[in-house]
Amino acid sequence: MSATESEGSTRRLNFIEQEIEKDLQGRFAGRKLKTRFPPEPNGYLHIGHAKSICLNFGLAKKYGGTCNLRFDDTNPSKEEQEYVDAIQDDVRWLGFQWDELHYASDYFEQLYAWAIELIRKGLAYVCDLTPEQIREYRGTLTSPGKNSPYRDRPVEENLDLFARMRAGEFPDGSRTLRAKIDMASPNLNLRDPVMYRVLHASHHRTGDTWCIYPMYDWAHGQSDSIEGITHSICTLEFEDHRPLYDWFCEALGIFHPRQIEFARLNLTYTVMSKRKLLQLVKEGHVAGWDDPRMPTIRGLRRRGYTPESIRDFCERIGVAKFNSTIDVGVLENSVRDHLNQTAQRAMVVMNPIKLVLTNYPTDQVEMVEAVNNPEDPAAGTRQVPFSRELLIERDDFMEDAPRKFFRLKPGGEVRLRYAYIIRCEEVIKDPATGQVIELRCTYDPATRSGSGTAQRKVKGIIHWVSAAHAVDVPVRLYDRLFQCENPDQAPPGGTFLDNLNPDSLQEVVAKAEPALAESQPGQRFQFERTGYFVADEVDSQPGRPVFNRTVALRDSWAKLQAKGKVN
RNA sequence: UGCCCGAUGGUGUAAUUGGCAACACGACGGAUUCUGGCUCCGUUAUUCUAGGUUCAAGUCCUAGUCGGGCAGCCA
């Protein structure tokens, strides 16, 4: 019985799952599936890594296997402990627990011993060519390379030289250990690839014990093998490396995991390369790696995304070998979906306009009952203060309203959510500017929500806060960081930075119902009719939360307006 | 003018491995609604091209077109 059947899942298998099911019957019969997530600790994880994480951990879970976390720390000049810590934190936050935690650097001694073995077998040699010469000897995409003059060094000489490389006798870049494969191979990776380079650099874990470091190709597959990884899942650009991956395992006669490649994630309105993300941070275009506009896990987290929504997103986009670009709207829909079910509702006015109920008793305050989450009855209700002077959204009033504008207009009626139906009687303007500064309305006492006499229907329902009771809350209205679908498509002579959206952050001080002052950092809300927000975990103070907009609600009115179909 | 990989509605992903091209999202239309949210119903639209094999081709073969990757002592 396959794992799919045992889960009772009817979902069809992606191409990796198909191969895994075959392998579990065939070349890996009797073994359990074992995968790994192998980040290089030289940057923060982003949504693209999340796809890989969900894939690797998800596969392990689905087939009753395990998944390791392994840091691919073979290049001490770029890697730091700070990233190691952050990566572990992000993987856990996403909701995954690795079986074993490893570092490629833990295998340096074993790798060294295996290198000697290959030298003894005549399959590796010490090369004295300079980096420039190696490039020349490698040939080009269309022409074969030529053998290094050091290729046929005697085994004993290689052994001696390699030992002295390790002993620190040679300067950086002066010598390499190379695999002896085929300088005429159409696959450049097989043209005697470098296995070790001399690098007198201090490593974040091994310190100064090594001055030679293994290259990716030499370290990765061997690490997989040591850990007994059955399926080494990586991105498409390593496809050309697979023959080398296989060659090393065969040459050594060690356990031979299977490498399978899939297409990395691309998102519209987003850049994903570590280099560009680093540039955004370093040049101050964003406030840091955890800026809510960044596609990093930390950024998304601070933006208010939930681990569930990110996992759901990764599930929805699927896995294939086709190089696709996912509409960022799919990601946004995933959070909306999850937050709709889980986020508590609140009424918050972003851009207030004063509204006075002329027939409401001057000093009266009454509490109205509001539903915390219509999708979740267990979330209960809360009391919200209502009084004569209110604040409503400026956008919810229009003096010359088109036919399909269901909100407040002169002489028109709307319901104040959870309260009364009101009628707009008078519009007060600033005589100097002509700007509307106050709306004078009357309310119908018979229409209180839940009163049983509240049956009268009006089309428009708007949110509000009581002016005297409202609390000020700073709100950051985030939008997409880039203003065009493909930020890498820069104008002539420009860079991706020219595509930055100047309005990706708008800060306002909103008026909120009083209970919101008590929200805890990290707590998520739906501000009714506006969007989903989270109390910022960094900048919120006790009693004074700061909110980040995760994503706006879908807005079919805005859509109508955009299409000019409002009349 | 090398090698490897890929191409299915607007966007993604499937297709019992040669047997009626489907699912999700979007878009559009409608219903419902004390959130112009959610939900529900409906509509739309797909196999890169040309040959070939076959009773039957998205799937196999041949040629082509287009796209991606590869010439770090990066991963």
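Small disclaimer: the values here were computed from a predicted structure and weren't measured. In what follows, every chain begins at residue 1, and chains take the letters A, B, ... in the order their sequences are listed.
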A:Lys321 vs B:G68: side-chain N/O to OP1/OP2 distance below 4.0 Å
no
Starting from C1' on B:C3, measure out to CG on A:Leu141 and report it in whole angstrom.
9 Å
With C1' as the reference atom in both, quote the distance from B:U53 to B:A57 in angstrom, rounded to an integer.
10 Å
Side-chain N or O of A:Lys565 less than 4.0 angstrom from OP1 or OP2 on B:G29?
yes
Between B:C38 and B:C25, how many Å separate the two P atoms, rounded to a whole number?
12 Å
Between the side chains of A:His463 and A:Arg529, is a donor N or O closer than 3.5 angstrom to an acceptor N or O?
yes
Keeping A:Thr206 on the side-chain end and A:His203 on the backbone end, is there a donor-acceptor pair under 3.5 Å?
no
For A:Ser324 and B:U13, is the shortest distance between a side-chain N/O and OP1 or OP2 below 4.0 Å?
yes
Pair of N/O donor and acceptor under 3.5 Å linking B:G37 base with A:Glu375 side chain
yes
With a 3.5 angstrom cut-off on both distances, give the Watson-Crick or G-U wobble partner of B:G9, or none if there isn't one.
none
Please report the closest heavy-atom contact between A:Glu393 and A:Met350, naming both atoms and the distance.
OE2-N, 2.8 Å
Integer angstrom distance from the P of B:A22 to that of B:U39
24 Å
Is any side-chain N or O of A:Thr140 closer than 4.0 Å to OP1 or OP2 of B:G2?
no
With a 4.0 Å limit, can you tell me whether A:Arg138 has a side-chain N or O closer than that to the phosphate oxygens OP1/OP2 of B:G72?
yes
Under 30°, 30 to 60°, or over 60°: which ring-plane class applies to A:Phe162 and A:Tyr112, parallel, tilted or perpendicular?
parallel
Touch class at under 4.0 angstrom, heavy-atom based, for A:Phe405 against every strand present
base
Checking understanding here: a glycosidic angle within 90° of 0 is syn, the rest anti, so what is B:G72?
syn
If I pick the C1' atom on B:C3 and the same atom on B:G10, what distance separates them, to the nearest angstrom?
34 Å
Least distance between heavy atoms, A:Leu244 atom then A:Asn189 atom:
CD2-O, 3.6 Å
Using whole Å, what does the distance between atom C1' of nucleotide B:U11 and atom CD1 of A:Ile326 come to?
8 Å
Is there a Watson-Crick or G-U wobble partner for B:G18 with both distances under 3.5 Å, and which nucleotide is it?
none
Looking only at the aromatic ring of each residue, does the gap between the centers of A:Phe71 and A:Tyr103 stay below 6.0 angstrom?
yes
Please work out whether B:U16 sits syn or anti, treating a glycosidic angle within 90° of 0 as syn.
anti
Any side-chain N or O of A:Ser556 below 4.0 angstrom from OP1/OP2 of B:G37?
yes
Comparing A:Asn333 and A:Glu79 on RNA chain B - which has the more 5′ nearest nucleotide
A:Asn333
Any N or O donor-acceptor pair under 3.5 Å from the base of B:G36 to the side chain of A:Arg554?
no
G-U wobble or Watson-Crick pairing nucleotide for B:C60 (cut-off 3.5 Å, both distances)
B:G52
If we take the C1' atom in both B:U11 and B:G2, what is their distance in whole Å?
34 Å
Can you check whether A:Arg197 has a side-chain N or O nearer than 4.0 Å to OP1 or OP2 of B:A75?
yes
Between B:A14 and B:U47, how many Å separate the two C1' atoms, rounded to a whole number?
13 Å
Flag if over 12 foreign heavy atoms under 6.0 Å of CZ, A:Arg316
yes
Can you tell me the distance, in whole Å, between the CD atom of A:Glu261 and the C1' atom of B:C3?
15 Å
Tell which nucleotide pairs with B:U1, taking only Watson-Crick or G-U wobble pairs whose two distances are both under 3.5 angstrom.
none
Ring pair (Phe, Tyr, Trp, His ring centres under 6.0 Å) evaluation trace for A:Phe525 with A:Phe533:
CA-CA 5 Å; A:Phe525 294 90; A:Phe533 294 78; 9.2 Å; no
Determine whether any donor atom in the side chain of A:Arg12 lies under 3.5 Å from an acceptor atom in the base of B:U16, or the reverse, and answer yes or no.
no
Tell me whether the side-chain N/O atoms of A:Arg191 come closer than 4.0 Å to OP1 or OP2 in B:A71.
no
Using atom C1' in both nucleotides, what's the gap between B:U46 and B:C20 to the nearest angstrom?
16 Å
May I ask whether A:Phe322 stacks on the base of B:A7, given the cut-offs of 5.5 Å between ring centres and 30° between planes?
no
Let me know the distance between CG of A:Asp396 and P of B:G37, rounded to the nearest Å.
14 Å
So does A:Gln341 get a side-chain nitrogen or oxygen closer than 4.0 Å to the phosphate oxygens (OP1/OP2) of B:U39?
no
Same-atom distance (C1') from B:A27 to B:G69, integer angstrom
34 Å
Tell me the partner of B:U39, counting only Watson-Crick (N1-N3 plus N6-O4 or O6-N4) or G-U wobble (N1-O2 and O6-N3) with both under 3.5 Å; none if nothing fits.
B:A31
Map A:Pro39 and A:Asn323 onto RNA chain B by nearest heavy atom, then report which one ends up closer to the 5' terminus.
A:Asn323
